[in-house]
Amino acid sequence: YAYVKEHIYPKLKEIIEAYKNGTGFSIFMDEDGLISAGSGLDQVTWMDVRVGDWVATPRHGKPVEINALWYNALKVMESLSVYYDEDPKPYHLLAEQVRESFNREFWNEEKECCTSGPIGSEAYEKGWWETTGAEMVLWPRFGIATERQRNLFLKTIESNPEAFSEFGINWYPFRKEKNHFWRACWVSWTLGLSEAAGESGNKEFLKKLIYAQVRNVLLNKSFHEVM
């Protein structure tokens, strides 16, 4: 912790301030505490696809996984502030604002899921939950979803034939015509869902997730994504 305090903690503070005040690629914190990013032809998340001037999977605005990580970063800074005898209140208050805004903007009660875009986006209107944002929302260690939301979201994923296969979670079951990750099953991306299912007492879904991970690994003859 001494090394972190001297060499890393100050840089973490700078990063938080940069996101709050605005940085490159139209990245900034909106009034609701959420992070907005991207404009024009910017590619601001790892799944963005652009060919020349054609943006196949536009995600400008407030990507769900970025804001889940933003919330987690603020909670980490809150904990570090306490450890280093500094005032944690600014991080605590902002984290609470982000959590409230996150649930208001991304949780779709009608679709019983957390969508990959906020209210007003195509993802929200159609109930798309693409990307690792789904895992982060459900993962208990992030503390974003309530127990009720977690149970509903797990049920939504488990019951969607396009989303859950014998080889695991199809993280991109939507937008087949545009998404180069369509129906990709990554073993490592089921970890958060597995823990959420276990925490929720959904043992049957947990077994399905574990079996699917093992089946995927054996088929691909590789364990690198399990680590």
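Every value quoted in this text rests on a predicted model; they were computed, and no experiment measured them.
Closest heavy-atom contact between Tyr71 and Val98: CB-CG1, 3.9 Å. Closest non-hydrogen pair, Gly33 versus Gln97, comes out as N-NE2, 3.7 Å. Minimum interatomic distance between Ser116 and Ala123 (heavy atoms only, all atoms of both residues): OG-CB, 3.4 Å. The shortest heavy-atom contact between Ser200 and Arg150 is OG-CD, 3.3 Å. Contact detail for Glu135 and Leu191: the closest heavy-atom pair is OE2-N, 3.4 Å. Glu125 approaches Gly120 most closely through the heavy-atom pair OE2-N, 4.0 Å.
Residue Tyr91 is grouped with residue Tyr83 when hydrophobic side chains (ILVMFWY) are merged at heavy-atom distances under 4.5 angstrom, including chains of intermediate members. Clustering ILVMFWY residues whenever any of their side-chain heavy atoms sit less than 4.5 angstrom apart, transitively, puts Met29 in a cluster other than the one holding Leu93. Both Ile8 and Leu74 are members of a single hydrophobic cluster when ILVMFWY side chains are connected at heavy-atom separations under 4.5 Å.
At least one side-chain heavy atom of Leu209 sits under 4.5 Å from a side-chain heavy atom of Phe164. Side-chain contact between Ser81 and Asp87 is absent, with no heavy-atom pair separated by less than 4.5 Å. The shortest side-chain heavy-atom distance between Leu152 and Trp107 falls under the 4.5 Å cut-off. Counting heavy atoms from C-beta outward, Trp129 and Ile157 have side chains that approach closer than 4.5 Å. Looking only at side-chain heavy atoms (C-beta outward), Lys75 and His92 come within less than 4.5 Å of each other. Within the 4.5 Å cutoff, no side-chain heavy atoms of His60 are placed close to those of Ser26. No side-chain heavy atom of Phe106 sits less than 4.5 Å from a side-chain heavy atom of Ile144. Contact check for Trp128 versus Ser121: no side-chain heavy atoms found under the 4.5 Å cut-off.
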Between Asn72 and Met136, is a side chain to side chain contact (heavy atoms under 4.5 Å, CB included) present by the stated rule, with each step listed? CA-CA 10 Å; Asn72 187 64; Met136 285 182 252; over 6 Å; no

Glu17 vs Lys20, salt bridge (Lys or Arg N to Asp or Glu O under 4.0 Å): CA-CA, chis, key distance, verdict: CA-CA 5 Å; Glu17 290 302 311; Lys20 286 171 61 178; 3.4 Å; yes

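A donor-acceptor distance shorter than 3.5 angstrom exists from the side chain of Asn151 to the backbone of Glu147, with no hydrogens or angles considered. Panel note: side chain Asn160, backbone Thr156; no donor-acceptor pair is recorded below 3.5 Å. Between the side chain of Thr146 and the backbone N or O of Gln149, at least one donor-acceptor pair lies under 3.5 Å. Between the side chain of Asn67 and the backbone N or O of Ile35 there is at least one donor-acceptor pair closer than 3.5 Å.
Enclosure of atom CD in Glu109 by more than 12 non-hydrogen atoms of other residues, nucleotides or ligands within 6.0 angstrom is indicated. More than 12 heavy atoms of other residues, nucleotides or ligands shown are found within 6.0 angstrom of CG on Asn21. Environment of OH in Tyr19: sparse, with no more than 12 heavy atoms of neighbouring residues, nucleotides or ligands closer than 6.0 Å. A 6.0 Å sphere centred on CZ of Phe25 holds no more than 12 heavy atoms belonging to other residues, nucleotides or ligands.
Legend: residues meeting salt bridge (charged side-chain N to carboxylate O under 4.0 Å, His left out) with Lys13, ordered by chain and number and at least two apart, are Glu86. For Asp30, the side chain to side chain donor-acceptor pair (under 3.5 Å) partners at least two apart in sequence or on another chain are Lys62.
Looking at Glu158 and Lys155, no side-chain N of the basic residue comes within less than 4.0 Å of a carboxylate O on the acidic one, giving no salt bridge.
Note: Tyr9 and Tyr84 meet the aromatic proximity criterion, with ring centroids under 6.0 Å apart.
Taking CD of Glu96 as the start and CD of Glu78 as the end, the distance is 8.0 Å to the nearest 0.5 Å. For the atom pair CD1 of Ile27 and CD1 of Ile66, the computed distance is 8.0 Å after rounding to the nearest 0.5 Å.
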